[in-house]
Amino acid sequence: MATQTLKHNHNFTVSSITLLGSNPPKPVSGPLSAVFRSASGFPELQFFLEPDGEQSLNFDLRTTQLFRLGEVQSLCVSECSETIKEKTYSKGITIQFKEEEESSSFHGAFEQWKREVVNQGLTLPNGTVSSSKSKFDDKIESSSAKMYFHYYGQLLHQQNMLQDYVRTGSYYAAVIENQADFVGRVVVDVGAGSGILSLFAAQAGAKHVYAVEASEMADYAQKLIAGNPILGKRITVIKGKVEDVELPEKADILISEPMGTLLVNERMLESYVIARDRFLVPNGKMFPTVGRIHMAPFSDEYLYIEVANKSLFWQQQNYYGVDLTALHGTAFQGYFSQPVVDAFDPRLLVAPSTSHVINFTTVKEEDLYEIDIPLKFTASVGTRIHGLACWFDVLFNGSTVQRWLTTAPGAPTTHWYQLRCVLSQPIYVMPGQEITGHLHMIAHSAQSYTINLTMSAKMWGPGAEQGGVLQTSSCRLDLKEPYYRMSQPQAYSAAQDQQPNQLLEPEDLQFPSLDEDGLDFFQQTQNGTRADIS
Ligand SMILES: C[S@@+](CC[C@H](N)C(=O)[O-])C[C@H]1O[C@@H](n2cnc3c(N)ncnc32)[C@H](O)[C@@H]1O
C-alpha cells in the first residue's frame, strides 16, 4: 500500500520561521522541529515553537500549500475560504532552512503526504477513519449514537467519571502495579475520552499509545496530551470509532473503560471486543480482562411502595374534572419497567448472590446481543422478595498484580451505583426455600437492553420433593430508562431480622413523598451517573 512508504511521523529541523499576518512579521528563531503527522485523525504539519513541545503551530495539510521562495526559504499558507473572486488564508509563515538539501526533502515529504494521504484519502500512518458505513452504524440508531457521543463530547461528563476515584484510582493502580505489561508495548485506548488511560499507559512506560475516541472529546484529549508533552510524545489521538479507524500497527495491550450500568448498558463492550479482533495481537492483554454480573434477590418494602405510589396520580377521578383512572394500569406498569439505580444496603439481600462471567478476551461480539442468565437462590430468611439486585465487577489480570474494580453494595460507591429490577408482584419465601428464574437481556438499537426477569418460589416444606413452583412473578424493563434514586433516604428494612410470620405490610410503613421527574433529572446530573445518556 502507498502509505507503507510513509514513516509514522516525518521529522525535520528548520532554522527559523516568521509568522506572517502580524505587523511587523514575527520571527521565531530555532532550530525548530517540524513534524508531519496525523495526531488528530487528519494529516497535519506541526511546528514546535519551544524545545519542550509546549507551544506549537499547526497546519491542516488538507488545506495547506507550500511554495518555494528560494533555495533555502519557503512559504507555507493555510487556506481558510475560497470564493470565485479570491482565496483567503488564515495563517502563513516563511520557513528558513539551513541547507538546500533539507529544504528539498521537506518539500518532498510535503508532496508525499499531500499525494498519498490527503488526495487519495488513504490510510494515515497514524490512523485514519473509513468513510464507509460501519458495523456500529449498522446496529445502532443514528439518533442514539448522536446523543451518546454528544454526551461524551462534554468535559463535565468526563470530569464526573474522572472524579469517581474508586473507578479512576483502580485503573491507575492496575496499570502502575503492572508496569511490566506496558513497558515498551504498543497500547490502544478504546474510547479514550479525556485520554486519561492513555496517559496512565504512557506513565507505565508504553512505547506508543493510540487513543481512539469517537466524540468531540478527542480534541480535548489532544489538548490534554499536548499539555503533558513528555508523555504525550508517545500518544497519538485518533478521532473516530474503533469500528472504523485503521491503525498502523497491532497492539500488545488494550485498555478501556467500556462498562455501563449492569456492565452491558451502552453496548460499548461490543466495541471493546471489536477492537480486540481488529487491533490486538494474538494472546495480547486486555485491561480489564473479565467482567462479572452479580445478582441476588432483595427485600425492600420502602422501594416497592415508592415505585407503586408513583402511579397513584393516575387514580384521581376528578383531575380538573377529568377521570384519569383509565391510564392507571399503564402508568403502574411503566414505573415497574424502570430499573432502579441507587446505592442500597447489602443487608437488603436475602440470599447469597450468583454471577455471570463475561471473558473479554474470548467472548464473541454476537454473544453480547442476547444474554440469558438462569437464576437459582436459596432464601436465607422468610420475607417478601421485591425483585433482583444486580451489580458488576471487572478484573485487571495483570502479570504482576490481579486487581478487581467492584460496584458491589457495601463497597465504596462508584458512579455506577447498583441496579435493582422491582417486581410488581412480590413473592413470599420461607427460610431455605429455593428461588429460581431467568434474567434475559436482549440488546436494542438504542445502545441498551430490554430485560425480562422471571422469579419463582419453589415448593417448600413437606411434599417439596415433588418440585412444584408455588408462585411466579415476571417483569419487563428497559435498561435505557432507569429511575435514579440516589438521594432518597436509604431505608434499611431488616429482612434478616424479620420472623417468617412478621412480614412488613405496606400499611405499616410511612410512604415517601412522590418524586418530580425534573428532580430525578437534576439528581442524576448532580450525581454524575453516566447511564443518563442512554
Ligand atoms: C466511559 S467513557 C471512558 C473514557 C475514558 N477512557 C476514561 O476512562 O475516563 C467511554 C468513552 O468511549 C467513547 N466511545 C464509546 N464507543 C466508542 C466507539 N465505538 N469508538 C470510539 N470511542 C467510543 C465515548 O465517546 C467515551 O468517551
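Only heavy atoms go into these numbers, but all of them, side chains included; no hydrogens, no water, no symmetry mates.
- Of the N and O atoms on the side chains of Glu370 and His440, at least one donor lies less than 3.5 Å from an acceptor on the other residue.
- In this pair, Tyr304 and Phe336 present their aromatic rings tilted. The plane angle is within the 30 to 60° band.
- A donor-acceptor contact closer than 3.5 angstrom links the side chains of Ser271 and Glu243.
- With rounding to the nearest 0.5 Å, the separation of CG in Leu156 from CE in Met161 is 10.0 Å.
- For the residue pair Glu213 and Ser215, a side-chain donor N or O sits within less than 3.5 Å of a side-chain acceptor on the partner.
- Within the 3.5 Å criterion, the main-chain N or O of Lys241 finds no donor-acceptor partner in the side chain of Asp244.
- Using a 4.0 Å cut-off between charged nitrogen and carboxylate oxygen, Lys364 and Asp277 do not count as a salt-bridge pair.
- Aromatic ring orientation, Phe332 versus His328: tilted (interplanar angle from 30° to 60°).
- Residues Lys480 and Asp478 are not paired through a salt bridge, judged by the lack of any N-O separation under 4.0 Å between the basic side chain and the carboxylate.
- The distance from the CZ atom of Phe392 to the OG1 atom of Thr407 is 4.5 Å, given to the nearest 0.5 Å.
- Tyr428 and Gln433 form no side-chain donor-acceptor contact under 3.5 Å, judged by distance and modelled atom types alone.
- A salt bridge does not link Asp252 with Lys207: none of the charged nitrogens is closer than 4.0 Å to a carboxylate oxygen.
- Under a 4.0 Å N-O distance rule, the pair Lys146/Glu141 does not qualify as a salt bridge.
- Listed for the Ser474 side chain is no donor-acceptor partner under 3.5 Å among the backbone atoms of Asn452.
- For the ring pair (Phe, Tyr, Trp, His ring centres under 6.0 Å) criterion with Phe182, the lone passing option out of Phe200, Phe396, Phe287 is Phe287.
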